[in-house]
Amino acid sequence: MSDTQTLPADRPLRAGFHGFASRLIVGTGKYDTFERMAAALDASGCDVVTVAVRRERLVNEAGASLLDHLDLGRYTVLPNTAGCFDADDAVRVARLGRELLDQLDHPGKDWVKLEVLSDKKTLLPDPVGTLRATEQLVADGFAVLVYTSDDPVMANRLKAAGAAAVMPAGSPIGSGQGVLNRNAIAIILEMLKDGDPGYPVIVDAGVGCASDVAVAMELGADGVLLNTAIAHAADPVRMARAMRDATAAGRNSYLAGRIPRRLYATASSPWDGVISYVPGE
């Protein structure tokens, strides 16, 4: 029996109406070929893939459909509203995604990853549009997973508006800077899980490498969503495997409980019986 088989069972990642073993959610954009995308998704071990509901993202220049390269029996598709810059467009795109997946009788039709962006340079979320779109989509019956900044106040407002999960950015989309403000993510986790420990908080955006994923998971995030870090890696399949392992390592580290940080050293062995002079004793 391996070491991992002796560990207590972990609860699944729950978001909306779904529960999953993998805590890594992977995007489907920016790959040079659909075949490489499919290989990377397989290596990542993910259960959920997120897809931008835009025709130019679903169908490439050769007319090939992204959906033809996804095993819809294996992956649950999480439609997203990437590329929307106001609430009305985001709501319209979310409804298109629901219609598309409803035609395929796919379980992903009941949820959406909401993005309402402020501008093309920063791709930061527009807080006013994000909140308004969240309220509308919740009223429409969607389970809404909301991309937002690492502002704890905004995160709290989105949860109060009925968001099924809040997804604070580690750093700007595609920047590869990792989790820039660990304290903000920690405060969001504390606030949103207070009295509701199962509420999902998923770090989204900014991840550049496997250690960034481990940091987010060690903070206590329920999952990580990423895309560019795999799709634009020199070896996407190898990086996908590294992200899978980092997600598991970070989660186990969080569950195991880290030692407290101390200002001074703590000897690994007792001082009793030492034969040399110990300064300060």
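The chain is numbered in sequence order, starting from 1. All figures in this text were calculated on a predicted structure; none of them were measured in a lab.
Although no hydrogens or angles enter the test, the distance criterion places no donor-acceptor pair under 3.5 Å between the side chain of Asp204 and the main chain of Tyr147. A donor-acceptor pair under 3.5 Å is formed between the side chain of Asp222 and the backbone N or O of Val201. The backbone N or O of Glu218 sits nowhere less than 3.5 Å from a side-chain atom of Ser253 that would complete a donor-acceptor pair. Between the side chain of Asn252 and the backbone N or O of Ala248, at least one donor-acceptor pair lies under 3.5 Å. Judged purely by atom type and a 3.5 angstrom limit, Lys30 has no side-chain atom pairing as donor or acceptor with the backbone of Ala231. With Thr50 contributing its side chain and Gly27 its backbone, the two residues share no donor-acceptor pair below 3.5 Å. Remark: the backbone N or O of Ala21 is paired with a side-chain donor or acceptor of Asp47 at under 3.5 angstrom. Listed for the Ser44 side chain is a donor-acceptor partner under 3.5 Å among the backbone atoms of Leu41. Judged by distance alone, the side chain of His106 and the main-chain N or O of Val77 form a donor-acceptor pair under 3.5 Å.
Pairing each heavy atom of Val116 with each of Ala87, the nearest pair is CG1-N, 4.0 Å. In this structure, Leu24 and Cys46 approach most closely via the heavy-atom pair O-CB, 3.2 Å. Of all heavy-atom pairs between Ala242 and Ala210, the closest is O-CB, 3.8 Å. When every heavy atom of Val237 is checked against every heavy atom of Ala39, the shortest pair comes out as CG2-CB, 3.8 Å. In this structure, Ala163 and Val146 approach most closely via the heavy-atom pair CB-CG2, 3.6 Å. Nearest heavy atom pair, residue Leu225 against residue Ile202, reads N-CG2, 4.0 Å.
Residues Val91 and Leu137 form a side-chain contact, since some pair of their non-hydrogen atoms from C-beta on lies under 4.5 Å apart. Inter-residue side-chain proximity for Glu115 and Ile173 is flagged as met; some heavy-atom pair is nearer than 4.5 Å. Taking 4.5 Å as the limit, every side-chain heavy atom of Arg14 sits out of range of all side-chain heavy atoms of Pro200. Proximity of Asp196 to Lys159: side-chain heavy atoms (C-beta onward) are separated by under 4.5 Å at one or more points. In this structure, the side chains of Leu104 and Leu67 come closer than 4.5 Å at one or more pairs of heavy atoms. Thr28 is not listed as a side-chain neighbour of Phe34, based on a closest heavy-atom distance of 4.5 Å or more. Looking only at side-chain heavy atoms (C-beta outward), Met243 and Val26 stay at 4.5 Å or farther from each other. Ser22 places none of its side-chain heavy atoms less than 4.5 Å from the side chain of Thr247.
In the hydrophobic cluster analysis, where Ile, Leu, Val, Met, Phe, Trp and Tyr join through side-chain heavy atoms closer than 4.5 angstrom, Trp111 is grouped apart from Val138. Taking hydrophobic clusters as Ile, Leu, Val, Met, Phe, Trp and Tyr residues chained together by side-chain heavy-atom distances below 4.5 Å, Val49 shares a cluster with Leu66. Side-chain heavy atoms closer than 4.5 Å link hydrophobic residues (I, L, V, M, F, W, Y) into clusters, and following such links, possibly through other members, connects Leu72 to Met37. Note on Phe20 and Val144: separate hydrophobic clusters, where clusters join Ile, Leu, Val, Met, Phe, Trp and Tyr whose side-chain heavy atoms are under 4.5 Å apart, directly or indirectly. At a threshold of 4.5 Å between side-chain heavy atoms, the hydrophobic network of Ile, Leu, Val, Met, Phe, Trp and Tyr places Leu13 and Met217 in two separate groups.
A distance of 4.5 Å separates CG in Leu114 from OG1 in Thr134, rounded to the nearest 0.5 Å. In this structure, the separation between NE2 on His69 and CZ on Arg36 is 14.0 Å, given to the nearest 0.5 Å. The distance from the CG atom of Asp86 to the CG atom of Leu117 is 10.5 Å, given to the nearest 0.5 Å. Here the CZ atom belonging to Phe85 is positioned 6.5 Å from the CG atom belonging to Leu123, to the nearest 0.5 angstrom. Within the model, atoms CG of Leu219 and CD1 of Ile187 stand 11.5 Å from one another, a figure rounded to the nearest 0.5 Å. Once rounded to the nearest 0.5 Å, the distance linking CE of Met239 with NE2 of His232 reads 12.5 Å.
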For Leu70 and Val51: C-alpha separation, side-chain torsions, deciding distance, then whether side-chain contact (heavy atoms from CB on, under 4.5 Å) applies. CA-CA 10 Å; Leu70 292 179; Val51 173; 4.0 Å; yes
Assess whether side-chain contact (heavy atoms from CB on, under 4.5 Å) is satisfied between Asp10 and Arg23, documenting all intermediate values. CA-CA 11 Å; Asp10 193 6; Arg23 294 175 178 275; 3.5 Å; yes
Step by step, work out the side-chain contact (heavy atoms from CB on, under 4.5 Å) result for Leu158 and Leu131. CA-CA 6 Å; Leu158 292 169; Leu131 183 58; 4.0 Å; yes
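Within 6.0 Å of the CZ atom in Arg262, the count of heavy atoms belonging to other residues, nucleotides or ligands does not exceed 12. Counting non-hydrogen atoms of neighbouring residues, nucleotides and ligands closer than 6.0 angstrom, the OH atom of Tyr254 reaches no more than 12 such neighbours.
Using a cutoff of 4.0 Å between basic side-chain nitrogens and carboxylate oxygens, Asp88 and Arg132 are scored as salt-bridged. Using a 4.0 Å cut-off between a side-chain N of Lys or Arg and a carboxylate O of Asp or Glu, Arg238 and Asp235 qualify as a salt bridge.
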Only pairs under 3.5 Å count here: list side-chain donor-acceptor contacts from residues 148-156, not counting sequence neighbours, and write none if there are none.
from, atom 1, to, atom 2, distance (Å)
Ser149, OG, Asp151, N, 3.3
Asp151, OD1, Val153, N, 3.0

Below 3.5 Å, can you tabulate the donor-acceptor pairs from side chains in residues 92-102 to any protein atom, sequence neighbours excluded?
from, atom 1, to, atom 2, distance (Å)
Arg92, NH1, Asp89, OD1, 2.6
Arg95, NE, Asp140, OD2, 2.9
Arg95, NH2, Asp140, OD2, 2.7
Arg98, NH1, Asp140, O, 3.4
Arg98, NH2, Asp140, O, 3.2
Asp102, OD1, Lys109, NZ, 3.4

